[in-house]
Protein chains: 2
Amino acid sequence: MTPLVQSFVGHFGEMGSRWGINRTVGQIYALIFVSPTALCADEIADTLGCSRSNVSMGLKELQSWRLVKMKHVAGDRREFFEAPTDAWEVFRTLAEERRRREMEPTLTMLRSALLEEPGSEADRIAQERMRSMHDLIDLMSTWFDDVQRLDAQTLAKLMRMGSKVQKLLELTGQLKSGSKE
Amino acid sequence: MTPLVQSFVGHFGEMGSRWGINRTVGQIYALIFVSPTALCADEIADTLGCSRSNVSMGLKELQSWRLVKMKHVAGDRREFFEAPTDAWEVFRTLAEERRRREMEPTLTMLRSALLEEPGSEADRIAQERMRSMHDLIDLMSTWFDDVQRLDAQTLAKLMRMGSKVQKLLELTGQLKSGSKE
DNA sequence: ATCAAATTTCAGTAATTACTGAAACTTCGA
DNA sequence: TCGAAGTTTCAGTAATTACTGAAATTTGAT
């Protein structure tokens, strides 16, 4: 590893826990991400100085996040791994997986809690707050879904507009004039 | 705790680790969030069946995330805690804190890596990929900042539009006609 | 079918993170 | 300024999570 790659890999290792993955998984991803060629498990284990089995588990997790993909090289029995380099694609994948893992279970729980009959005034208030939480998460979730479908260019344009989009909305509001909200 | 609150609190405890907080911190937040009144540390410890000191640390962490705020009750020396109930405010706070903790350190690292002189072809390719990662994170970061400033209503409208915003952008692109991108 | 290379699984261990209870500290009324 | 109520700190311990190496399994060429 060159010093440049080393500092990148090191950082991903340190940040891993903050991002919900462990050190090795973070390092494996970083290494694959910057590598000009697809890497095999042994190379990764050697470079990072960790066990082959640890790399195997790490790659499995990265595949479950769809952050790396397997590749076969003709005349070589080993499996090689590479990472999508298109940043937008990576962002989309990450957003989708996070929604699935971090939001969906909560939505399910909230939906079932909202079907219960409140047994007290405290329950009624609790349910009210759960409802507002549910509605927001649901909205965000749907929005993510929609945004997934936009192409990178449109998305970038939208983001670069930033808060100017507000003016745009005001404008269309005027065009449609009397429509609700 | 009523069964309703119990299932909510239990879920937040289980999801905690996925969200980057621990079980107790998740439970404390959930309990405060649905409570009709502000709670003191002892009530929380009793309700959750964990130690007073654990609650103290948990509250400190929740305050660092700005998810709960302290409140003083006249004639009572104890500190009480409540959670903002406006879902949009909570979302904004969470987005801002996550940006600060999960994105900013990486931006800093990337910026310094991009200043280095690549020592090889591999370094050059690595740097190229780091640059695309940097540019996206930077764009997202700025966008978050902008979106922070929108009021809840505008934000909700924008989200409800979902991918229809694309059509709107196409429209404005036509209006401005020959302008770049 | 057999063998060797490659990969995965898993039980045991290391490292990390969470939690507790006791002690130290802070705050405020008397 | 003293003391009691409240809060925080911290060293020790419990629980969890990460990692390893050996054994088992899979894969594909002969």
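To find a chain, count down the sequence lines: A is the first, B the second, and so on, and within it residues start at 1. All values reported here derive from a predicted model rather than from experimental measurement. Computed over heavy atoms, backbone and side chain alike; hydrogens, waters and symmetry mates excluded.
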Exercise. Could you give all pairs that pass the ring-ring contact (aromatic ring centres under 6.0 Å, His included) test and reach residues 141-164 of chain B, with sequence neighbours left out?
Worked result: none

For this session: Specify the separation, in whole Å, of atom NZ of A/K60 and atom P of D/dT26.
Result: 13 Å

Problem set entry | Note, A/M103 side chain near A/M140 side chain (heavy atom, < 4.5 Å) | yes

Exercise. Which parts of residues 20-45 of chain A get close to DNA chain C, meaning a heavy atom less than 4.0 angstrom away?
Worked result: none

Exercise. Have B/T154 and B/D151 got a donor and an acceptor in their side chains that come within less than 3.5 Å?
Worked result: yes

Problem set entry | Length of the CD-C1' vector between B/E61 and C/dT17, whole Å | 12 Å

Exercise. Can you check whether A/L62 reaches A/F81 side chain to side chain, under 4.5 Å on heavy atoms?
Worked result: no

Problem set entry | Integer-rounded Å distance: D/dG28 C1' and A/D76 CG | 12 Å

Seminar exercise, completed: B/R18 CZ to C/dT17 C1', in whole Å, measures 19 Å

Problem set entry | Salt-bridge criterion met for A/E82 and A/K69 (N-O under 4.0 Å) | no

For this session: Supply the atom-to-atom distance B/S35 OG to B/F80 CZ, rounded to the nearest 0.5 angstrom.
Result: 10.5 Å

Seminar exercise, completed: salt bridge (charged side-chain N to carboxylate O under 4.0 Å, His left out) pairs touching residues 14-33 of chain B, sequence neighbours excluded, are none

Per-pair distances, 0.1 Å, donor-acceptor, side chain in residues 48-56 of chain A, under 3.5 Å, sequence neighbours excluded:
from  : atom 1 : to    : atom 2 : distance (Å)
A/S51 : OG     : A/S53 : OG     : 3.3
A/S51 : OG     : A/N54 : N      : 3.1
A/N54 : ND2    : A/T24 : OG1    : 3.3

Exercise. Quick one: B/M70 CE to D/dG6 P, roughly how many Å, whole number?
Worked result: 15 Å

Exercise. How close or far is atom P of C/dT7 from atom CG of A/L62, stated in whole angstroms?
Worked result: 16 Å

Exercise. Just how far, in rounded Å, is P of D/dT7 from CZ of B/F80?
Worked result: 8 Å

For this session: Could you tell me whether the side chains of A/D138 and A/S141 share a donor-acceptor contact shorter than 3.5 Å?
Result: no

For this session: Could you run through nucleotides 21-30 of chain C and give me one letter per nucleotide, 5' to 3': B if any protein heavy atom sits under 4.0 Å from the base, S if only the sugar-phosphate is that close, - if neither?
Result: B-----BB--

Seminar exercise, completed: By nearest-nucleotide position on DNA chain C, the 5'-leaning member of B/G49 and A/L59 is A/L59

For this session: Specify the angle, to 10°, made by the local axes at the two ends of the helix from C/dA1-D/dT30 to C/dA30-D/dT1 when five pairs are taken at each end.
Result: 30°

For this session: Please determine if A/R78 and A/D42 form a salt bridge, counting it only when a charged side-chain N lies under 4.0 Å from a carboxylate O.
Result: no

Seminar exercise, completed: Atom CG of B/L48 and atom P of C/dT20 are separated, to the nearest Å, by 10 Å

Problem set entry | Electrostatic pair B/E102:B/R98 at N-O distance under 4.0 angstrom | yes

For this session: Please check the phosphate of C/dT7 (OP1 and OP2 only) for any side-chain N or O of A/R52 closer than 4.0 Å.
Result: yes

